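The block underneath contains the structure these notes are about, expressed in structure tokens.
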Amino acid sequence: MLTIDKQFNAIKRGTLEIVPEEGLKAKLKKAQETGNPLKIKLGLDPTAPYIHLGHAVVLRKIRQFQDLGHEVYIIIGDFTASIGDPSGKSVTRPQLTAEEIAANAKTYYDQYCMILDPAKTKVVFNSEWLGPLKFADVIKIVSKVTVARILERDDFEKRLSEGRPISMHELLYPVCQAYDSVFLHSDVELGGTDQKFNILMGRDLQTQYGQEEQVGLFMPILPGLDGVQKMSKSLGNYVGITEPPKDMFGKIMSLSDEMMPTYFELCTDVPMEEVESIKAGLTNGTVHPMDTKKRLAREIVTMYHSAEEAAQAQAEFERVFSQHEIPTDMPELKLSDELTDGKVWIVKMLVMAGMVPSNSEARRLVQQGAVSIDGEKVSDPSANIEVKDGQVLRAGKLKFARLTL
RNA sequence: GGGGGGAUGCCCGAGUGGUUAAAGGGGGCAGACUGUAAAUCUGUUGGCGAUGCCUACAUAGGUUCAAAUCCUAUUCCCCCCA
């Protein structure tokens with residue numbers, strides 16, 4: 001058994017803040033003494049069922065708790081989804097049907113299992129306890145929270161002062177989330193910094209209900225591949241945990257150098273001392289950035305696939321980009337039905353290969369000199385190409401297809 | 001309930017009768033440079049086998065030789081007063 005301090009330090013890695021740190025230590029201690037596991041809470045929005053490295057940061061932290069023997073409750077916020085966490089951007093959210101939520105939850109579950117221990121994970125829906133509440137119950141709950149307290153929330157405060165609208169139901173969102181904590185008697189709630197207000201609200205409400213307050217554990221928001229905005233699918237700057245090794249490796253290699261230490265810390269299990277020395281090495285130039293990035297990519301691919309696949313992905317990467325050779329495997333494009341006098345229009349090929357969405361886009365690529373066949377540039381958008389079996393069509397740096405007849 | 005403002009391409013945002021497929025910026029894509037990086041520079045960014053044609057400025061009609069721009073109705077959003 002690890003000492004409390006060691007447990008605490010392991011958990012602390014990568015966290016932005018633990019509120020309060022002493023509270024967590026006390027809980028860990030109590031759990032060890034009594035043998036009762038802590039209840040770890042994580043709320044998830046059921047609307048976006050695609051898990052990427054950004055989500056993984058929090059999930060991996062949760063996994064650590066499991067490894068220490070604690071119980072994890074994943075709360076699917078199906079009830080609260082009908083409110084939507086107030087952001088001021090989209091006040092109204094599309095209502096999901098029960099089927100959609102169930103389907104999303106299932107997809108989620110399949111992906112969690114890549115990170116979490118399914119045996120120690122309980123998935124619950126907050127509609128289960130929020131749904132049956134009567135209006136009188138709601139008033140009772142709400143009476144424990146003051147308006148001033150609610151309006152402290154950045155987003156509300158800002159909107160209020162800017163004269164932008166705030167709907168009543170939005171005020172209820174943090175309360176609902178806090179009530180989840182009360183209902184579950186949670187000991188620790190994890191979330192991104194954007195969850196700070198809601199999680200602290202949970203502490204307040206638990207106190208009101210005479211419960212021991214939960215500890216808030218905040219993880220940083222992982223910046224996306226662009227290094228600027230948070231990782232999100234809709235921004236396209238993400239690495240999905242179910243992506244093929246090759247894609248995962250390639251995407252990580254496209255990170256900017258400055259992002260590397262952050263990714264090492266939040267996305268891998270490389271010991272912190274080593275992360276620090278890598279960081280120092282990068283700063284004083286004793287460590288080669290590209291090698292380091294390859295290491296990073298390898299660590300991450302290994303985590304979600306395997307060491308062999310990671311090695312293969314790296315070999316492939318080096319082959320294509322360092323030695324400028326073509327990839328070993330690529331999609332095939334069957335052209336036998338498209339031949340006219342043994343020729344195929346270049347634009348048509350690109351569209352058929354799925355490399356571009358439209359003929360116009362294909363023309364543009366050709367005109368810009370991004371298209372080649374067997375290394376020979378095609379620059380005329382109206383060209384009809386005489387195709388030979390096995391030739392390689394390339395568009396831009398990343399898109400390849402083998403032509404077959 | 002009354003008064004006012006607004007809805008433009010992936011996003012932001014100009015444009016108030018005619019060289020407007022629509023300025024500018026962001027983002028994306030491509031090229032150069034590289035370490036498939038970042039930064040920078042350049043080009044490009046509705047569709048169509050295409051020196052032209054079609055579709056687009058919330059929706060539906062209308063005026064006009066000509067509309068994103070004017071008129072009418074509809075939908076949605078915001079602000080102020082009550």
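Values in this document were obtained by computation on a predicted structure and should not be read as measured data. Labels below follow one simple rule: chain letters A, B, ... track the order of the sequence lines, proteins then strands, and each chain is numbered from 1.
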Problem set entry | Check: A/Lys377/A/Ser379 side-chain N/O donor and acceptor closer than 3.5 Å | no
Exercise. A/Asn384 CG to B/G49 P: how many Å, rounded?
Worked result: 12 Å
Seminar exercise, completed: The side chain to side chain donor-acceptor pair (under 3.5 Å) partners of A/Asn284 (sequence neighbours excluded) come to A/Thr286
Exercise. Just how far, in rounded Å, is P of B/C29 from NZ of A/Lys397?
Worked result: 11 Å
Problem set entry | Interatomic distance at P, B/G26 relative to B/A39, whole Å | 12 Å
For this session: Whole angstrom is fine here: how far is it from NZ in A/Lys348 over to C1' in B/G47?
Result: 16 Å
Exercise. Quick one: A/Leu350 CG to B/G49 P, roughly how many Å, whole number?
Worked result: 13 Å
Side-chain donor-acceptor distances from residues 352-372 of chain A under 3.5 Å, at least two apart:
unit_1	atom_1	unit_2	atom_2	d
A/Ser358	OG	A/Glu361	N	3.2
A/Glu361	OE1	A/Arg364	NH1	2.7

Close N/O contacts between protein and nucleotides 42-46 of chain B (under 3.5 Å):
unit_1	atom_1	unit_2	atom_2	d
B/G43	N2	A/Gln368	OE1	2.6
B/G43	N3	A/Gln368	OE1	3.0
B/U44	O4'	A/Gln368	OE1	3.4

Exercise. How would you list, by chain and number, every residue that makes a side chain to side chain contact (heavy atoms under 4.5 Å, CB included) with A/Pro244, sequence neighbours excluded?
Worked result: A/Asp247
For this session: Could you tell me whether the side chains of A/Tyr73 and A/Glu71 share a donor-acceptor contact shorter than 3.5 Å?
Result: yes
Problem set entry | Minimum side-chain heavy-atom gap A/Met231-A/Pro223 below 4.5 Å | no
For this session: Determine the sole option in A/Gln211, A/Gln206, A/Lys39, A/Glu189 for which the side-chain hydrogen bond (donor to acceptor under 3.5 Å, both in side chains) test with A/Ser181 is passed.
Result: A/Glu189
For this session: Rounded to whole angstrom, note down the C1' distance from B/G25 over to B/G9.
Result: 14 Å
Problem set entry | Between B/G49 (P) and A/Asp341 (CG): distance, integer Å | 19 Å
For this session: Determine whether the side chains of A/Gln64 and A/Lys61 contain a donor N or O and an acceptor N or O closer than 3.5 Å.
Result: yes
For this session: Sticking with atom P, work out how far B/A67 lies from B/G61, rounded to a whole angstrom.
Result: 15 Å
Exercise. Which residues pass the ring pair (Phe, Tyr, Trp, His ring centres under 6.0 Å) test with A/Phe321, sequence neighbours left out?
Worked result: A/Phe317
Exercise. Want to settle it: does A/Asn359 or A/Leu398 sit nearer the 5' end of RNA chain B, counting the closest nucleotide to each?
Worked result: A/Leu398
Exercise. Mapping A/Phe321 and A/Ala383 to their closest nucleotides on RNA chain B, which lands nearer the 5' end?
Worked result: A/Phe321
Problem set entry | Residues within residues 289-306 of chain A bordering RNA chain B, heavy-atom distance below 4.0 Å | A/Pro289, A/Met290, A/Lys293
Problem set entry | Contacts of A/Arg203 that satisfy salt bridge (charged side-chain N to carboxylate O under 4.0 Å, His left out) - sequence neighbours left out | A/Glu213
Exercise. What interatomic distance, in whole Å, is found between P of B/A68 and the corresponding atom of B/A23?
Worked result: 15 Å
Problem set entry | Counterpart residues, salt bridge (charged side-chain N to carboxylate O under 4.0 Å, His left out), relative to A/Glu17 (two or more places apart) | A/Lys196
Exercise. Using purine N1 to pyrimidine N3 plus N6-O4 or O6-N4 for Watson-Crick, or N1-O2 and O6-N3 for G-U wobble, both under 3.5 Å, which nucleotide pairs with B/G1?
Worked result: B/C81
Seminar exercise, completed: Atom NZ of A/Lys343 and atom P of B/G49 are separated, to the nearest Å, by 19 Å
Problem set entry | Complementary nucleotide for B/U64 - Watson-Crick or wobble, under 3.5 Å | none
For this session: Only one of A/Ile115, A/Ile40, A/Asp117 passes side chain to side chain contact (heavy atoms under 4.5 Å, CB included) with A/Gln66; say which it is.
Result: A/Asp117
Seminar exercise, completed: Rounded to the nearest 0.5 Å, the SG atom of A/Cys267 sits from the CG atom of A/Leu296 at a distance of 7.5 Å
Problem set entry | Counterpart base for B/A56, defined by Watson-Crick or G-U wobble contacts under 3.5 Å | none
For this session: Apply side chain to side chain donor-acceptor pair (under 3.5 Å) to A/Glu243 and list each qualifying residue two or more places apart in sequence or on a separate chain.
Result: A/Lys251
Exercise. Using atom P of each nucleotide, how far apart are B/C41 and B/C57 to the nearest Å?
Worked result: 35 Å
For this session: Could you tell me which non-hydrogen atom of A/Val57 sits nearest to which non-hydrogen atom of A/Pro220, and how far apart they are?
Result: CG1-O, 4.3 Å
For this session: Send over the distance from A/Met349 CE to B/G49 C1', rounded to a whole Å.
Result: 14 Å
Problem set entry | Interface residues of residues 245-265 of chain A with RNA chain B (non-hydrogen, below 4.0 angstrom) | A/Gly250, A/Met253, A/Ser254, A/Leu255, A/Ser256, A/Asp257
Exercise. Near RNA chain B, under 4.0 Å by heavy atom, which residues of residues 329-337 of chain A?
Worked result: none
Problem set entry | Between A/Glu274 and A/Ser277, a side-chain donor and acceptor under 3.5 Å | no
Problem set entry | Polar contact flag, side-chain donor to acceptor under 3.5 angstrom, A/Ser127-A/Asp78 | yes
Problem set entry | Complementary nucleotide for B/G27 - Watson-Crick or wobble, under 3.5 Å | B/U45
Problem set entry | Spacing of the C1' atoms in B/A22 and B/A56 (rounded, Å) | 10 Å
Exercise. Can a donor-acceptor pair be found between the side chains of A/Glu316 and A/Gln312 at a distance below 3.5 Å?
Worked result: no
Problem set entry | Span that lies between the C1' atom of B/C53 and that of B/G4, in whole angstrom | 44 Å
For this session: Please indicate yes or no: is the ring centre of A/Trp345 less than 5.5 Å from the centre of the six-membered base ring of B/G49, with the two planes inclined by under 30 degrees?
Result: yes
N/O-N/O pairs, protein side and nucleotides 52-54 of chain B side, under 3.5 Å:
none

Exercise. With rounding to whole Å, what would you report as the distance between B/U64 and B/U69 at their P atoms?
Worked result: 16 Å
Exercise. Rounded to whole angstrom units, what separation is found between the CG atom of A/Asn237 and the C1' atom of B/G28?
Worked result: 13 Å
